[in-house]
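Got a structure here, written out as structure tokens. Questions coming.
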Amino acid sequence: MNQHDPAALYSDHLGVLMRRADEALARGGFDHLVVPSGTLHYQAFDDRDYPYAVNPLFKTWLPQTRLPCSWLVYTPGKRPTLVFYQPFDYWHVVPDAPSGWWVEHFDIHIIRKPEDALPLLPRDPARCAIIGEAQSALGGFVPNNPEAVIHYLDWYRAYKTPYEVALMRQAQVLAVRGHKAAEAAFRAGASEFGIHMAYCSAVGQDSNELPYGNIVALNEHAAVLHYTELGRVAPQPLRSFLIDAGASAHGYASDITRTYAAAGHDEFQALIDAVDAAQRKMCAAVRNGFDYKQLHVDAHLSLMGILKDFGVINVSPEAALATGVSAAFFPHGIGHLIGAQVHDVAGFAAGDHGGRVERPAGHPYLRMTRVLAPGMVVTIEPGLYFIDMLLDEVKQAGSAASVNWERVDFFRPYGGIRIEDEVLCTEGEADNLTRPVFAAA
Ligand code: GLY
Ligand code: MN
Ligand code: MN
């Protein structure tokens with residue numbers, strides 16, 4: 001079987017989802033799993049709809065991301081049913097009739113009005129685990145989101161099936177195309193907006209389809225972690241470029257960051273190279289049984305070692321970590337689970353019955369505290385930034401002497417550095433999904 005062909009892997013994927021649903025329903029004491037795809041949301045006092053975002057659970061079951069007012073129904077022991085909303089509508093393009101490699105696995109009913117779904121859903125809503133947002137309610141089918149069911153499904157969603165990994169590999173290929181185009185646009189002097197357009201054009205996706213808003217930051221803007229302003233004029237001179245941008249493949253995300261120095265900015269390039277080398281080592285630490293919290297703490301020490309080498313701090317990495325100095329330069333988590341959502345669910349789950357593993361004290365933005373296990377895909381995204389707001393806190397906390405402020409002044413105009421890849425945890429060595437795609441591009 002081709003391990004990169006979603007079509008060939010889909011049947012097994014569906015089998016895994018059905019087995020997970022069997023157990024989740026048994027735990028919750030329900031007979032049916034009912035998953036609405038979601039509905040359109042409208043802007044207040046307006047008839048304009050927000051970009052439609054499919055229920056993430058729905059898109060794990062079938063590769064459909066633009067199918068509002070549809071329903072998936074699964075009853076243990078039976079083929080899943082898909083209630084497929086294809087309205088008569090001459091104002092908009094309606095979904096194509098279901099076709100492709102996934103349709104043979106469902107009993108499909110086409111409906112023309114949202115309410116036509118009702119007679120096709122199970123008889124008794126009280127026997128259903130209905131997973132969705134409140135707005136999806138239809139008649140008696142009001143999402144009840146039973147905790148026992150959700151805890152189980154969310155916990156196992158961290159373990160990607162080969163089908164999901166194949167789609168995530170496709171999302172890497174698409175995003176790397178965009179990253180290559182974006183770097184070329186930067187080298188040609190484009191504005192943030194121009195770089196963003198070059199990215200979208202190369203990927204073939206626009207803002208509504210991408211898994212998150214592109215972060216395209218020139219110079220100091222790289223110090224704003226989620227900088228999404230897209231300046232229309234390129235600053236002069238251009239010194240640095242940070243791009244954090246992904247792509248979607250049938251609803252599965254990639255989330256990739258690269259940082260570049262403009263020609264002639266050799267010292268900043270050397271700092272990028274040091275972070276890049278450290279990031280590769282962190283990626284290699286994604287191994288079965290390794291605690292992601294530890295990976296995050298180790299990343300702090302590694303990054304502070306780099307800042308010490310570059311003369312930005314003059315205390316040991318351990319001292320920088322203990323005093324909070326390191327959190328001023330690396331103020332986010334090392335990464336997160338990724339899959340159907342860019343920040344995938346259950347990063348803090350203690351087990352399939354729920355419960356929560358707290359973050360280590362002093363690390364409020366870490367998004368994942370689980371122990372790594374085969375099938376998990378995580379991002380590894382260390383960063384170093386020069387953020388005045390946080391550096392002022394270092395001064396106020398009495399740690400000003402730990403920092404060489406002349407070196408901060410030197411690097412501040414570059415904003416910061418982040419390098420981000422996706423890594424699949426396996427039984428053996430880490431499988432970096434991102435690097436080989438850049439190497440082949
Ligand atoms: N692009 C958002 C993140 O890296 O988590
Ligand atoms: Mn990112
Ligand atoms: Mn990320």
Side-chain angles (χ1 to χ4, degrees), residues 53 56 157-158 160 168 171-179 182-183 192 195-196 199-200 203 205-217 221-230 240-249 251-260 272 275-276 278-280 282-283 285-286 292-293 295-296 299 303 330-348 359 363-370 372 376-385 387 415-425 430 432-435 437-438:
R157 216 169 95 188
K160 271 57 187 179
M168 294 179 77
Q172 303 291 322
V173 171
L174 291 170
V176 167
R177 256 181 229 160
H179 275 262
E183 185 192 358
E192 291 162 346
I195 295 170
H196 166 74
Y199 182 93
C200 291
V203 175
Q205 296 180 1
D206 77 356
S207 304
N208 292 345
E209 299 164 287
L210 296 171
Y212 57 93
N214 281 352
I215 296 168
V216 176
H221 295 160
V224 180
L225 299 183
H226 282 175
Y227 176 87
T228 52
E229 288 299 297
L230 299 176
S240 60
F241 170 42
L242 184 155
I243 174 164
D244 182 342
S248 300
Y252 282 81
S254 55
D255 176 8
I256 300 172
T257 310
R258 290 292 182 269
T259 310
Y260 305 96
I272 294 172
V275 174
D276 190 75
Q279 192 267 3
R280 289 171 190 259
M282 295 170 204
C283 290
V286 172
Y292 197 74
K293 294 194 293 300
L295 214 154
H296 171 82
L303 290 167
F330 174 38
H332 58 74
I334 189 60
H336 47 87
L337 290 164
I338 180 168
Q341 288 162 274
V342 61
H343 299 150
D344 219 353
V345 291
F348 303 101
R359 303 176 173 101
H363 299 273
Y365 299 112
L366 182 59
R367 285 194 165 102
M368 148 103 170
T369 53
R370 286 170 70 166
L372 292 160
M376 286 184 175
V377 181
V378 292
T379 69
I380 296 293
E381 50 182 300
L384 283 176
Y385 311 86
I387 303 173
I417 297 170
R418 179 162 68 255
I419 315 269
E420 176 175 25
D421 293 338
E422 270 80 85
V423 185
L424 169 66
C425 183
N432 188 316
L433 303 184
T434 311
R435 294 269 176 180
V437 181
F438 270 102

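Since we're looking at a predicted model, the values are computed, not measured. For the numbers below, each heavy atom of this structure counts, side chains included, while hydrogens, waters and symmetry mates do not. We count ligands from 1, going down the list as the structure has it; atoms in each ligand are counted the same way.
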- Looking at Phe438, does the NZ or CZ of Arg258 lie under 6.0 angstrom from its six-membered ring centre and within 45 degrees of the ring axis? yes
- Query: Residues in side chain to side chain contact (heavy atoms under 4.5 Å, CB included) with Ala222, at least two apart?
  - Reply: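 For Ala222 the side chain to side chain contact (heavy atoms under 4.5 Å, CB included) partners, ignoring immediate neighbours, are Ala217, Leu242.
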- Message: Using the side chain to side chain donor-acceptor pair (under 3.5 Å) definition, which of the options His332, His336, Gln279 pairs with Glu381?
- Response: His336
- Message: I need the minimum non-hydrogen distance between Ser254 and Glu422, along with the two atoms involved.
- Response: CA-OE1, 3.3 Å
- Message: Would the distance check show the side chain of Tyr252 and the main-chain N or O of Ala171 forming a donor-acceptor pair, the cut-off being under 3.5 Å?
- Response: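 Checking the backbone N and O of Ala171 against the side chain of Tyr252, no donor-acceptor pair under 3.5 Å is found.
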- salt bridge (Lys or Arg N to Asp or Glu O under 4.0 Å) pairs touching residues 337-346, sequence neighbours excluded, are Arg157-Asp344, Lys160-Asp344
- Message: Once you measure the plane-to-plane angle for Tyr260 and Phe241, does it fall in the parallel (<30°), tilted (30-60°) or perpendicular (>60°) bin?
- Response: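 Plane angle under 30°, so parallel.
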- Measuring from each atom of ligand 1, which residues have a heavy atom under 4.0 Å away? Tyr212, His226, Asp244, Asp255, His336, His343, Arg367, Glu381, Glu420
- Query: Taking 2.8 Å as the cut-off, does an N/O/S atom of His343 lie below it from the Mn ion (ligand 3)?
  - Reply: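 Checking the Mn ion (ligand 3) against His343, no N, O or S atom falls under 2.8 Å.
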- Do Arg359 and Tyr365 have side-chain atoms, one donor and one acceptor, less than 3.5 Å apart?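 No, no side-chain donor-acceptor pair sits under 3.5 Å.
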- Message: Testing the 3.5 Å rule here: is there a donor-acceptor pair between the side chains of Asp255 and Tyr212?
- Response: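 Indeed, the side chains of Asp255 and Tyr212 share at least one donor-acceptor pair under 3.5 Å.
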- Task: For the Mn ion (ligand 3), find the closest N/O/S atom belonging to His336 and write down its atom name.
- Result: NE2
- Query: Do Glu192 and His221 have a side chain donor and acceptor closer than 3.5 Å?
  - Reply: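 The criterion, which ignores hydrogens and geometry beyond distance, is satisfied for His221 and Glu192.
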- Item | Listed protein N/O/S atoms, distance to the Mn ion (ligand 2) under 2.8 Å |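 N, O, S partners closer than 2.8 Å: Asp244 OD1, Asp244 OD2, Asp255 OD1, Glu420 OE1.
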